[in-house]
Novice: 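The following block contains the structure, expressed as structure tokens.
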Amino acid sequence: QVHLVESGGGLVQAGGSLRLSCAASGRTFSDNVMGWFRQGPGQEREFVAAIDWRGLNAEYADSVKGRFTISRANAEMTLYLQMTNLKPEDTAVYYCARSMYSLINRALGAYDFWGQGTQVTVSS
């Protein structure tokens, strides 16, 4: 079993930056794809980014490409999401999650463990 805890959310003005962290506990963190999802007010949870266990391959939603960077530190069992040039439409609760698979999958159903979420609010 894996326990995930996000942190780093907060209020930021448009154009600003935030770095989200996801601390994991439990075994087998390093050999699974990890991802970030977000859910805005009144919206469905959507894929943001994911990274494979070696940190060599990553995928991003079109809406965040060029602005967000996902990374992982396996020795520390921590997943990161560096967010730059934030926009109001980035406002959401951000969740980290562990995939059941070794290849990147954007579907929510591919992820079996989820954090509690951290709020990111971007003002105009």
Side-chain angles (χ1 to χ4, degrees):
Q1 180 160 311
V2 177
H3 181 63
L4 306 173
V5 179
E6 302 95 334
S7 62
L11 278 141
V12 64
Q13 292 188 8
S17 300
L18 283 174
R19 190 189 197 193
L20 305 183
S21 298
C22 173
S25 61
R27 313 303 286 265
T28 70
F29 172 81
S30 63
D31 57 356
N32 294 82
V33 168
M34 297 290 294
W36 288 96
F37 291 77
R38 67 186 183 186
Q39 186 167 15
Q43 301 183 174
E44 296 182 356
R45 192 168 300 185
E46 65 177 359
F47 173 82
V48 175
I51 189 168
D52 68 5
W53 72 276
R54 291 186 174 182
L56 298 178
N57 298 305
E59 293 187 12
Y60 299 90
D62 289 342
S63 59
V64 306
K65 283 181 180 177
R67 299 188 299 119
F68 291 10
T69 302
I70 188 171
S71 62
R72 64 192 297 169
N74 291 340
E76 300 174 12
M77 296 200 298
T78 305
L79 178 73
Y80 300 98
L81 185 68
Q82 179 66 51
M83 306 184 294
T84 62
N85 192 24
L86 283 161
K87 303 175 180 180
E89 52 263 43
D90 295 318
T91 295
V93 176
Y94 283 72
Y95 300 88
C96 68
R98 190 201 77 167
S99 174
M100 295 181 287
Y101 309 114
S102 59
L103 296 178
I104 293 174
N105 194 313
R106 297 176 179 231
L108 274 67
Y111 295 79
D112 56 354
F113 291 97
W114 295 79
Q116 83 290 345
T118 186
Q119 177 71 48
V120 172
T121 302
V122 184
S123 63
S124 300

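Quick caveat, the model's predicted, so the values are computed rather than measured. For reference, positions follow the sequence shown, starting with 1.
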Novice: Could you check if a side-chain atom of D90 sits within less than 4.5 angstrom of a side-chain atom of M83, using non-hydrogen atoms only?
Specialist: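 Not in contact.
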Novice: Does the ring center of W114 lie less than 6.0 Å from the ring center of F37?
Specialist: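 Aromatic pair counts; centres sit under 6.0 Å.
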Novice: Does the pair N105 and F47 meet the rule for a side chain to side chain contact (heavy atoms under 4.5 Å, CB included), with working shown?
Specialist: CA-CA 9 Å; N105 194 313; F47 173 82; over 6 Å; no
Novice: Do you know which two heavy atoms are closest between Y60 and T69, and how far apart they sit?
Specialist: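 Reported closest heavy-atom pair: OH-CA, 3.4 Å.
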Novice: If we only count heavy atoms from C-beta on, is the S7 to T118 side-chain gap below 4.5 Å?
Specialist: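 No, too far: nothing below the 4.5 Å cut-off.
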Novice: For E89, does the CD atom sit with more than 12 other heavy atoms under 6.0 Å from it, leaving out its own atoms?
Specialist: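 Result for CD/E89: enclosed.
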Novice: In chain order, what residues pass the side-chain hydrogen bond (donor to acceptor under 3.5 Å, both in side chains) check against T121, with sequence neighbours excluded?
Specialist: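 Counting only residues at least two positions away or on another chain, T121 forms a side-chain hydrogen bond (donor to acceptor under 3.5 Å, both in side chains) with Q119.
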Novice: Determine yes or no for a side-chain-to-main-chain donor-acceptor pair under 3.5 angstrom, with Q39 supplying the side chain and A92 the backbone.
Specialist: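 No, because the side chain of Q39 does not come within donor-acceptor range (under 3.5 Å) of the backbone of A92.
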Novice: Verify side chain to side chain contact (heavy atoms under 4.5 Å, CB included) between L79 and I51, making sure each step is shown before the conclusion.
Specialist: CA-CA 9 Å; L79 178 73; I51 189 168; 3.8 Å; yes
Novice: Could you state the interatomic distance from CG (L18) to OH (Y94), rounded to the nearest 0.5 Å?
Specialist: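 The CG atom of L18 sits 9.0 Å away from the OH atom of Y94.
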Novice: Minimum heavy-atom separation for Y111 to A50, with atom names?
Specialist: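 Smallest interatomic distance, heavy atoms only, reads OH-CB, 3.6 Å.
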Novice: Listed by chain and number, what are the side-chain hydrogen bond (donor to acceptor under 3.5 Å, both in side chains) partners of S63, not counting sequence neighbours?
Specialist: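 S63: side-chain hydrogen bond (donor to acceptor under 3.5 Å, both in side chains) contacts with R38.
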Novice: Supply the atom-to-atom distance I70 CD1 to Q82 CD, rounded to the nearest 0.5 angstrom.
Specialist: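 Between I70 CD1 and Q82 CD, I get 12.5 Å after rounding to 0.5 Å.
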Novice: Atom CG in L103, atom CH2 in W53: separation rounded to 0.5 Å?
Specialist: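 Between L103 CG and W53 CH2, I get 12.5 Å after rounding to 0.5 Å.
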Novice: Which ILVMFWY residues are connected to L11, directly or by a chain of links, through side-chain heavy atoms under 4.5 Å apart?
Specialist: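 For L11, no cluster forms, as it stays isolated from other hydrophobic side chains.
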Novice: Is it the case that the side chain of S102 and the backbone of N32 share a donor-acceptor pair, with hydrogens and angles ignored and the cut-off at 3.5 Å?
Specialist: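 Such a contact is absent between S102 side chain and N32 backbone.
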Novice: Only one of S21, C96, C22 passes side-chain contact (heavy atoms from CB on, under 4.5 Å) with Y80; say which it is.
Specialist: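 So, applying the side-chain contact (heavy atoms from CB on, under 4.5 Å) to Y80 and each of S21, C96, C22, only S21 qualifies.
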Novice: Just how far is it from atom CG of D112 to atom OH of Y101, taken to the nearest 0.5 Å?
Specialist: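 So the CG of D112 and the OH of Y101 are separated by 9.0 Å.
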Novice: Looking at every heavy atom in both V120 and L20, which two are closest together, and how far apart are they?
Specialist: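 Result for this residue pair: CG2-CD2, 4.0 Å.
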Novice: Considering only heavy atoms from C-beta outward, does the side chain of Y95 approach that of L108 to under 4.5 Å?
Specialist: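 Of all side-chain heavy-atom pairs linking L108 with Y95, none is under 4.5 Å.
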Novice: Would you say T84's side chain and S17's backbone share a donor-acceptor pair under 3.5 angstrom?
Specialist: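 Answer holds: no.
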Novice: Would you say the side-chain atoms of R67 pair up with the backbone N or O of N85, donor to acceptor, closer than 3.5 Å?
Specialist: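 Yes: the side chain of R67 pairs with the backbone of N85.
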Novice: Output the distance between atom NE2 (H3) and atom CD (Q116), rounded to the nearest 0.5 Å.
Specialist: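 Reported value, rounded in 0.5 Å steps: 7.0 Å.
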Novice: Tell me, do W36 and E6 make a side-chain contact under 4.5 Å, heavy atoms counted?
Specialist: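 Yes, close enough: below the 4.5 Å cut-off.
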